[in-house]
2 protein chains.
Amino acid sequence: MPQGKPEYVPDDGLTTRQRRNRPILAVHTGEMKGKSTAAFGMALRAWNQGWNIGVFQFVKSAKWRVGEEAAFRALDASGEGGRVEWHKMGEGWSWARKKGSEDDHAADAREGWAEIKRRLADERHDFYVLDEFTYPLHWGWIDTDDVVDTLLARQGRQHVVITGRRAPQRLLDAADLVAEMTKVRHPMDAGQKGQRGIEW
Amino acid sequence: MPQGKPEYVPDDGLTTRQRRNRPILAVHTGEMKGKSTAAFGMALRAWNQGWNIGVFQFVKSAKWRVGEEAAFRALDASGEGGRVEWHKMGEGWSWARKKGSEDDHAADAREGWAEIKRRLADERHDFYVLDEFTYPLHWGWIDTDDVVDTLLARQGRQHVVITGRRAPQRLLDAADLVAEMTKVRHPMDAGQKGQRGIEW
């Protein structure tokens with residue numbers, strides 16, 4: 001065998017460079033809060049590359065991620081780096097014409113996934129954060145097989161980071177990167193309540 | 001006992017509100033890369049509170065954290081949120097008059113800690129990121145007892161987040177929050193190299 005040739009070349013029709021820059025599917029799971037925090041930290045690097053970022057928050061609480069949202073809106077407006085779109089289920093999704101139903105979280109979540117599917121097909125963003133997306137999967141509101149098949153078949157250079165507890169095994173199996181955040185000690189264990197600037 | 005009174009009130013001279021808003025000492029450790037990423041995610045929330053942020057990077061590589069640094073410089077310049085100072089050991093520390101010695105990393109690290117000590121005494125920042133600070137502690141370049149004593153005695157509302165592998169036990173014992181990032185799977189395991197926008 002000639003020197004410098006790898007022993008095994010995957011039969012995937014990709015050049016070495018394409019394989020090296022393969023878009024990532026990452027899942028941040030575990031019991032600790034850092035899951036989303038680390039996803040938004042990754043998005044800072046994506047922003048610095050000038051990538052187009054889409055954040056989709058599958059949570060209903062108005063307080064969550066306000067700090068991160070304000071920071072990415074400022075980064076989007078800075079005229080440097082990439083553009084950032086931020087969409088929240090809790091406010092009926094930013095792209096939707098009408099507000100989501102107050103009491104049908106499952107329908108809201110499905111509407112969110114349907115939009116993300118359209119955007120993946122259009123290669124709309126370079127970097128997607130699907131925040132707390134594991135819950136509608138875990139609860140059966142969104143079909144995990146459809147999600148995994150869609151993500152594995154996505155075209156172009158679209159990186160996807162999914163956060164949340166209880167990620168379905170099929171999603172973990174499909175991911176290129178799985179990070180588990182483990183809580184060793186947290187001030188809330190000692191009875192301390194969440195505080196501004198630290199928890200939100 | 002009257003209703004609504006906690007059974008046990010710590011004898012620390014603090015009001016409930018003061019105890020609730022107690023400044024955090026957090027340590028992000030473990031084998032996974034998310035340690036620093038999550039610390040910078042936390043800093044986004046601090047920024048949104050208008051807090052003054054000081055980042056101290058105890059690493060020598062020019063490529064590390066360029067994305068995060070660019071994002072926080074843009075946030076600092078945005079006129080919203082808090083101010084952000086970013087200091088790198090690799091470039092001789094931004095506050096130092098002369099460049100650090102090329103080959104004395106231990107002296108550079110000690111100089112960094114001496115400056116952080118001065119700033120803690122002056123209550124200069126509300127939120128400190130001491131990135132990869134565990135290494136000079138682990139290697140014995142900086143005295144862990146001095147660090148822990150200084151941090152435990154710090155005045156005012158100064159939050160501190162320390163990142164890096166192999167955090168000394170005394171530091172972990174002193175921390176309010178310890179998060180461990182565990183690698184479950186990483187694309188580099190499959191021979192993929194680090195890529196722009198994802199790793200830096």
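Worth saying up front: this structure is predicted, and the values here are computed from it rather than measured. In what follows, every chain begins at residue 1, and chains take the letters A, B, ... in the order their sequences are listed.
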Heavy atoms only: give me the nearest [X]-[Y] pair and the separation to one decimal.
{"X": "B:Thr37", "Y": "A:Met42", "answer": "CG2-N, 3.3 Å"}
{"X": "B:Asn48", "Y": "A:Ala70", "answer": "OD1-CB, 2.9 Å"}
{"X": "B:Ala71", "Y": "A:Leu75", "answer": "O-CD2, 3.4 Å"}

#### Entry: Between B:Gly79, B:Ala77, B:Ala74, the one whose heavy-atom pairs under 4.5 Å with chain A are most numerous
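The answer is B:Ala74.
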### Message
For B:Arg83, I'd like to know if atom CZ has over 12 heavy atoms of other residues, nucleotides or ligands within 6.0 Å.
### Response
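Not more than 12 within 6.0 Å, no.
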Nearest 0.5 Å please: distance from the [atom1] atom of [X] over to the [atom2] atom of [Y].
{"X": "A:Glu180", "Y": "B:Glu180", "atom1": "CD", "atom2": "CD", "answer": "10.5 Å"}
{"X": "B:Glu68", "Y": "A:Trp47", "atom1": "CD", "atom2": "CH2", "answer": "11.5 Å"}
{"X": "A:Ser78", "Y": "B:Glu80", "atom1": "OG", "atom2": "CD", "answer": "10.5 Å"}

